[in-house]
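Taking it in order: structure first as structure tokens, then the write-up.
All values below were derived from every heavy atom in this structure, side-chain atoms included, with hydrogens, water molecules and symmetry-related copies excluded.
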Amino acid sequence: MEEDKYRGSLRDKPVYLYSGQERIYTGADVLILAEVFEQFFRDVDILLDRELSMTECFYFAAFIHLVFVKIHPFADGNGRSARLLEKWFLASRLGETAWFIESEKLYQRRIRSYYKHLSIRDRYENVDYSLAMPFLKMLPMALTAK
């Protein structure tokens, strides 16, 4: 099966996200994908070695989520993987209780805002992280959302 080929592997073809018939995003080019993906995890390792405040933990967890989605390293499952990485980073920094933060529920309840705030340009090469603050503010909202 075609999907088995990609299970657990970086994609070897371009990936595009659509809204209806309109192409809204193109992930990192396959020619740079492995390098970008490796750099992503080197950066995460640096964050894991640093002392971070609670605010910084939430900021970087959300930023990891965003950067992963923007790289779009897999043929499928990028959003799920990004949300898992976000939660894993929080738990690694703040302890096991971070797994109980209902961020996924918040994102689902605010799905339009979630996708809108992820849209910080149309292609990986054009991503503008200076536009990321609305997305980065969503994760801490999960602490107080009902």
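- Shown here are the salt bridge (Lys or Arg N to Asp or Glu O under 4.0 Å) partners of Asp12, two or more places apart in sequence or in another chain: Lys5.
- No path of Ile, Leu, Val, Met, Phe, Trp and Tyr side chains, each step under 4.5 Å between heavy atoms, connects Tyr59 with Ile46, placing them in separate hydrophobic clusters.
- Residue pairs meeting the salt bridge (Lys or Arg N to Asp or Glu O under 4.0 Å) criterion with at least one partner in residues 60-70, sequence neighbours excluded, do not occur; the list is empty.
- Nearest heavy atoms, Ile120 versus His117: CG2-O, 3.7 Å.
- Listed here is the closest heavy atom pair of Leu33 and Ala28: CD1-CB, 4.2 Å.
- Between Ile101 and Phe58 the shortest side-chain heavy-atom distance falls below 4.5 Å.
- Applying the side chain to side chain contact (heavy atoms under 4.5 Å, CB included) criterion to Leu118, with sequence neighbours excluded, gives Leu66, Val69, Tyr114, Tyr115, Phe135.
- Of all non-hydrogen atoms in Ser92 and Leu48, the two that sit nearest each other are OG-CD2, 3.4 Å.
- Atoms CG and OG1, from Leu90 and Thr97 in turn, are 10.0 Å apart once rounded to the nearest 0.5 Å.
- Considering all non-hydrogen atoms of both residues, Ala142 and Ser103 come closest at CB-CA, 3.6 Å.
- Pairs of residues two or more places apart, or lying in two chains, never qualify as ring-ring contact (aromatic ring centres under 6.0 Å, His included) while including a residue from residues 82-101.
- Rounded to the nearest 0.5 angstrom, Met138 CE and Lys116 NZ are separated by 11.0 Å.
- Once rounded to the nearest 0.5 Å, the distance linking CD1 of Ile71 with OH of Tyr124 reads 5.0 Å.
- The two residues Asn126 and Arg121 come nearest to each other via the heavy atoms O-CG, 2.7 Å.
- Sorted by first and then second residue, the pairs that involve residues 75-90 and meet salt bridge (Lys or Arg N to Asp or Glu O under 4.0 Å), not counting sequence neighbours, are Asp76-Arg80, Lys87-Glu104.
- Evaluation of the salt bridge (Lys or Arg N to Asp or Glu O under 4.0 Å) rule for Glu56 yields no partner, not counting sequence neighbours.
- Every residue meeting the side chain to side chain contact (heavy atoms under 4.5 Å, CB included) condition with Ser81, not counting sequence neighbours, appears here in chain and number order: Phe68, Phe74.
- A distance of 7.5 Å separates CG of Asn78 from CZ of Arg11, quoted to the nearest 0.5 Å.
- Among pairs with a residue in residues 129-139, those fulfilling side-chain hydrogen bond (donor to acceptor under 3.5 Å, both in side chains) read Asp128-Ser130, at least two apart in sequence or across chains.
- Put simply, the side chain of Ile64 reaches to within 4.5 Å of the side chain of Phe40, judged on heavy atoms.
- Summarising the local packing, CZ of Arg50 is surrounded by 12 or fewer heavy atoms from other residues, nucleotides or ligands at distances under 6.0 Å.
- Residues satisfying the salt bridge (Lys or Arg N to Asp or Glu O under 4.0 Å) test with Glu125, not counting sequence neighbours, are Arg123.
- Within the 4.5 Å cutoff, side-chain heavy atoms of Val127 are placed close to those of Tyr25.
- Val30 and Pro14 get closest at one heavy-atom pair: CG1-N, 4.0 Å.
- Rounding to the nearest 0.5 angstrom, the gap separating the CG atom in Leu94 from the SG atom in Cys57 is 4.5 Å.
- With sequence neighbours left out, Ser9 forms a side chain to side chain contact (heavy atoms under 4.5 Å, CB included) with no residue at all.
- For Arg112, there are no side chain to side chain contact (heavy atoms under 4.5 Å, CB included) partners at least two apart in sequence or on another chain.
- Under the salt bridge (Lys or Arg N to Asp or Glu O under 4.0 Å) criterion, no residue pair touches residues 22-31, with sequence neighbours excluded.
- Below 30°, between 30° and 60°, or above 60°: for Phe37 and Phe41 the angle between ring planes is above 60°, a perpendicular geometry.
- Looking only at distances, a side-chain donor or acceptor of Arg93 sits under 3.5 Å from a matching main-chain atom of Leu47.
- For the atom pair CG (Leu17) and OG1 (Thr26), the distance works out to 8.0 Å, reported to the nearest 0.5 Å.
- Under a cut-off of 6.0 angstrom, the local environment of CE in Met54 is sparse, with at most 12 non-hydrogen atoms contributed by other residues, nucleotides or ligands.
- By the 4.5 Å heavy-atom criterion applied to side chains, Glu35 and Glu38 are not counted as neighbours.
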